Amino acid sequence: MLQPPERRELERGGWRTTLDYRENHVRSLDGRLLRIEPIWIAVAERFDGHVSVASAEGSTAEEAWQNLWVEIDEARITTSYRVRVASR
């Protein structure tokens with residue numbers, strides 16, 4: 001399997017998904033690096049006459065996808081009804 005099952009299920013349901021990675025560098029007062037905190041951000045968006053967007057974070061990619069599925073399942077989605085779609 002190339003993708004986690006949560007991501008495949010979202011895409012089958014019409015969601016466009018992306019995954020981003022960033023790191024938080026935690027330093028002491030004198031500037032020494034204490035630790036690096038990985039943060040994965042999963043985002044899903046869909047257009048059904050309006051734009052719906054959900055996002056979630058996790059310390060692993062798999063955790064981010066699972067958290068995103070929970071956000072969508074619990075309807076914690078941002079919806080924009082004023083969207084202009086460009087015609088061809």
Side-chain angles (χ1 to χ4, degrees):
M1 300 284 174
L2 297 176
Q3 301 176 19
E6 292 86 4
R7 185 176 195 177
R8 287 193 313 274
E9 188 66 30
L10 287 169
E11 294 208 351
R12 283 188 201 120
W15 293 90
R16 181 180 154 268
T17 62
T18 58
L19 182 66
D20 194 20
Y21 175 80
R22 67 181 165 93
E23 295 175 342
N24 282 343
H25 293 191
V26 179
R27 297 184 180 272
S28 66
L29 292 175
D30 65 1
R32 285 182 298 145
L33 181 64
L34 299 175
R35 68 182 178 278
I36 297 174
E37 298 173 345
I39 299 175
W40 290 89
I41 304 149
V43 178
E45 54 188 32
R46 179 168 59 183
F47 181 77
D48 292 327
H50 56 274
V51 176
S52 299
V53 179
S55 65
E57 296 181 357
S59 57
T60 65
E62 293 78 16
E63 182 181 334
W65 289 120
Q66 291 168 358
N67 292 342
L68 179 62
W69 188 257
V70 170
E71 293 292 307
I72 292 171
D73 193 44
E74 295 180 0
R76 290 189 286 232
I77 300 169
T78 302
T79 303
S80 176
Y81 294 96
R82 299 186 68 174
V83 177
R84 293 173 36 184
V85 179
S87 62
R88 292 182 182 226

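Keep in mind that what you see is a predicted model, and the values were worked out from it rather than measured.
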Any non-hydrogen side-chain atom of [X] less than 4.5 Å from a side-chain atom of [Y]?
X	Y	result
Asp20	Val43	no
Val53	Val51	yes
His25	Leu33	yes
Trp65	Pro5	no

Going by the rule ring pair (Phe, Tyr, Trp, His ring centres under 6.0 Å), which residues pair with Trp40 if we only count those two or more places apart in sequence or in a different chain?
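Ring pair (Phe, Tyr, Trp, His ring centres under 6.0 Å) list for Trp40, sorted by chain: Tyr21.
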Can you sort out the partners of [X] under side-chain hydrogen bond (donor to acceptor under 3.5 Å, both in side chains), two or more places apart, ordered by chain and number?
X	value
Thr17	Arg7, Glu11
Ser28	Asp30
Arg16	Glu45
Arg35	Glu37

Ignoring hydrogens, what is the shortest heavy-atom contact between [X] and [Y]? Give both atom names and the distance.
X	Y	answer
Ser52	Thr79	OG-OG1, 3.6 Å
Ala64	Ala56	O-CB, 4.0 Å
Ala44	Ile72	CB-CD1, 4.0 Å

Can you tell me how far CG of Asn67 sits from CZ of Arg76, rounded to the nearest 0.5 angstrom?
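Output value for this atom pair is 9.5 Å.
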To the nearest 0.5 Å, atom CD of Glu71 lies from atom CD of Glu57 at 10.0 Å
Hydrophobic clustering (ILVMFWY, side-chain heavy atoms < 4.5 Å, transitive) - are Leu68 and Ile39 grouped together?
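Looking at the clustering, Leu68 is in a separate group from Ile39.
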Treat each ILVMFWY residue as a node, draw an edge where side-chain heavy atoms are under 4.5 Å apart, and state whether Leu10 and Ile41 are in one component.
no
For Val70, the hydrophobic cluster (side chain heavy atoms closer than 4.5 Å, chained through members) also holds none
Regarding Arg46 and Asp48, does a basic nitrogen lie under 4.0 Å from an acidic carboxylate oxygen?
yes
Does Arg32 have more than 12 heavy atoms from other residues, nucleotides or ligands lying within 6.0 Å of its CZ?
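At most 12 heavy atoms, drawn from other residues, nucleotides or ligands, come within 6.0 Å of this atom.
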